[in-house]
2 protein chains.
Amino acid sequence: MKTAIKASGASHRMSAEDRREQVLKAAMAEFAIHGLDGTSTEAIAERAGISQPYIFRLWPNKKDLFLATVDACFDRFEAVLKKTAEGRSDAEIGAQLQAVGHDPSGHPHLTGPGARLHAMGHAYMRLLAKPEAPLMQMQAYAACWDDDVRRLVRDRWNRLRTLVSELSGVEGRELSEFFARGMLLNVAACMHLPATGDPARWAHEVLGFA
Amino acid sequence: MKTAIKASGASHRMSAEDRREQVLKAAMAEFAIHGLDGTSTEAIAERAGISQPYIFRLWPNKKDLFLATVDACFDRFEAVLKKTAEGRSDAEIGAQLQAVGHDPSGHPHLTGPGARLHAMGHAYMRLLAKPEAPLMQMQAYAACWDDDVRRLVRDRWNRLRTLVSELSGVEGRELSEFFARGMLLNVAACMHLPATGDPARWAHEVLGFA
DNA sequence: GATGTTATTGAGTAATCAGTCACATGAGGA
DNA sequence: TCCTCATGTGACTGATTACTCAATAACATC
């Protein structure tokens, strides 16, 4: 009964590695909404287009799948930051900078470390446009009551901080304020504070920029 | 069989209003850890020292209980802010201000709006010392995929913003940066970034203050 | 002490859960 | 052709889930 071939899954017989990636994507969508405890492996399997027992062939248990999902999340995040840092001298980015208008006090924002950091902030906002991105982050933080989750999140968070510091050349308090703004954008995105996905409006309404 | 009398509950026959408050407290502890979907009403009931079916006499369903819990959370938060604003001229607060050391650039921080805002920030840090406080917030934001939750959280968030603005006299960008720092402290608290509960160290390590 | 209200529970139900196990299916090498 | 090994599933289990319902014990009021 019911010939399956569900959802996004091109159905049959792919390499385990590809399958893992596919399942991770499905897992992220489900975990982002229902969290570690609230997500059923059945729902993940259905979304990935495979049977539920097969998940336990790819990962030993649900928590390990959650950990892998969080890990992949940070991976994707780091990749975006690196790519942004590489293309940081593009004219396009300079234009976007001025559109958002983030330099009220005497920082040298259109060049140097501040500019790089600002470009990264902008890239982060674009990343938050996917609705599961901020939710998944919240779920990761919320799941920090579990020791293993907390260890992973702390490690990746520290890696992220040093990565941003190295890529931008910014340190200390200014760096912390960057992450602080990011966290505020997170909760704003969860709340759908900007009905539109336009990052410029986010900056205006949420961060209170002029 | 099994004479019960569980946990914190002085067992028998209290007014429905008191009982609701007691259950809300238990619900916050459980929801903070396992989230809306992951928390069982059984666990809440056991913690509150009542039978599980009675929860559904006090609230029509689990989600409404979650909403009430989030609401109570914001209530408590607002109360703390108001109390802090009332006692803002205490000498003790002035001392704490300098201990944290939040005035690197020329803001007039030891008096006026900045001082009031800073006192509130400090009160917030003390509030985060209870481990369920930041987790519960994350769970509330994460549960924003649900329309009703999102509506509630958005409303209370806006109320909070205007309340802080009125109490402190701060507006716009500076106000947003206050909330941004708060959100960063939230995730730091979830991650147990400061192993100690000492707010001064939080400020130093997480916010990057000198 | 009868009457009505309010707090509270035991016993259930249908559904869903994570995880197991035996088995099927296909591709590639010999 | 047969063998091997990785990919994949159907059927199952024991536990847990939110939620219902009928019943009762404690209170108040006259």
Side-chain angles (χ1 to χ4, degrees), chain A residues 1-24 26-27 30-31 33-69 139 143 146 148-149, chain B residues 1-24 26-27 30-31 33-69 139 143 146 148-149:
Chain A
M1 319 90 183
K2 259 189 174 182
T3 39
I5 306 183
K6 287 289 184 57
S8 61
S11 57
H12 252 0
R13 213 68 190 171
M14 61 175 63
S15 88
E17 201 173 352
D18 288 350
R19 192 61 92 182
R20 287 172 97 96
E21 226 168 306
Q22 190 184 24
V23 173
L24 278 179
E30 291 294 327
F31 279 134
I33 291 184
H34 296 101
L36 168 53
D37 283 333
T39 298
S40 75
T41 55
E42 177 74 43
I44 296 174
E46 192 174 353
R47 186 182 282 263
I50 61 168
S51 70
Q52 180 260 357
Y54 192 42
I55 285 185
F56 293 91
R57 169 94 30 137
L58 299 175
W59 288 272
N61 51 53
K62 190 167 77 155
K63 198 174 88 176
D64 279 13
L65 171 55
F66 184 80
L67 289 170
T69 308
Q139 298 289 4
D146 178 279
D148 296 319
V149 175
Chain B
M1 316 93 186
K2 259 190 174 180
T3 38
I5 306 186
K6 287 287 183 60
S8 62
S11 60
H12 252 1
R13 209 67 192 174
M14 61 175 63
S15 88
E17 202 173 350
D18 289 349
R19 192 62 93 181
R20 287 172 97 97
E21 227 168 306
Q22 189 183 26
V23 173
L24 278 179
E30 291 294 327
F31 279 134
I33 291 184
H34 297 99
L36 168 53
D37 282 333
T39 298
S40 74
T41 55
E42 178 72 42
I44 297 173
E46 192 175 352
R47 185 182 281 265
I50 61 168
S51 71
Q52 181 258 2
Y54 191 42
I55 286 185
F56 293 92
R57 171 89 29 139
L58 299 174
W59 287 272
N61 52 54
K62 190 166 77 156
K63 198 175 88 176
D64 280 12
L65 171 56
F66 183 80
L67 290 170
T69 306
Q139 297 289 4
D146 178 279
D148 296 319
V149 175

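None of the values given here were measured: they were computed from a predicted structure. All chains are named by letter (A, B, ...) in the order of the sequence lines, taking the proteins before the strands, and each is independently numbered beginning at 1.
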**Complete:** On DNA chain C, more 5' by nearest nucleotide between P53(B) and S15(B) is S15(B)

**Prompt:** Could a donor-acceptor pair under 3.5 angstrom be found where the side chain of R19(B) meets the base of dT8(C)?
**Reply:** no

**Item:** Shortest side-chain distance from S51(A), nucleotide among dA18(D), dG19(C), dT9(D)
**Value:** dT9(D)

**Request:** Rounded to the nearest angstrom, tell me the gap between atom NZ in K62(A) and atom P in dC17(C).
**Result:** 9 Å

**Message:** To the closest 0.5 Å, what do you measure between CD1 (I33(A)) and OG1 (T39(A))?
**Reply:** 8.5 Å

**Message:** Nearest to the R13(B) side chain among dG19(C), dT8(C), dA26(D), which nucleotide is it?
**Reply:** dA26(D)

**Test item: F31(B) and I44(B) side chains (from C-beta on) under 4.5 Å apart, heavy atoms** = yes

**Request:** Would you mind telling me which of dT9(D), dA18(D), dG8(D) lies closest to the side-chain atoms of I50(A)?
**Result:** dT9(D)

**Message:** With heavy-atom distances below 4.5 Å as the criterion, would you say the side chains of L24(B) and W59(B) are in contact?
**Reply:** yes

**Message:** Quick check on dT16(D): is either OP1 or OP2 less than 4.0 Å from any side-chain nitrogen or oxygen of S40(B)?
**Reply:** no

**Item:** Side-chain heavy-atom pair L67(A), V149(A) within 4.5 angstrom cut-off
**Value:** yes

**Prompt:** Out of dT17(D), dG8(D), dA22(D), which nucleotide sits closest to the side chain of Y54(A)?
**Reply:** dG8(D)

**Upstream residue (5' side of DNA chain C) when Q52(B) and A16(B) are each assigned their closest nucleotide** = A16(B)

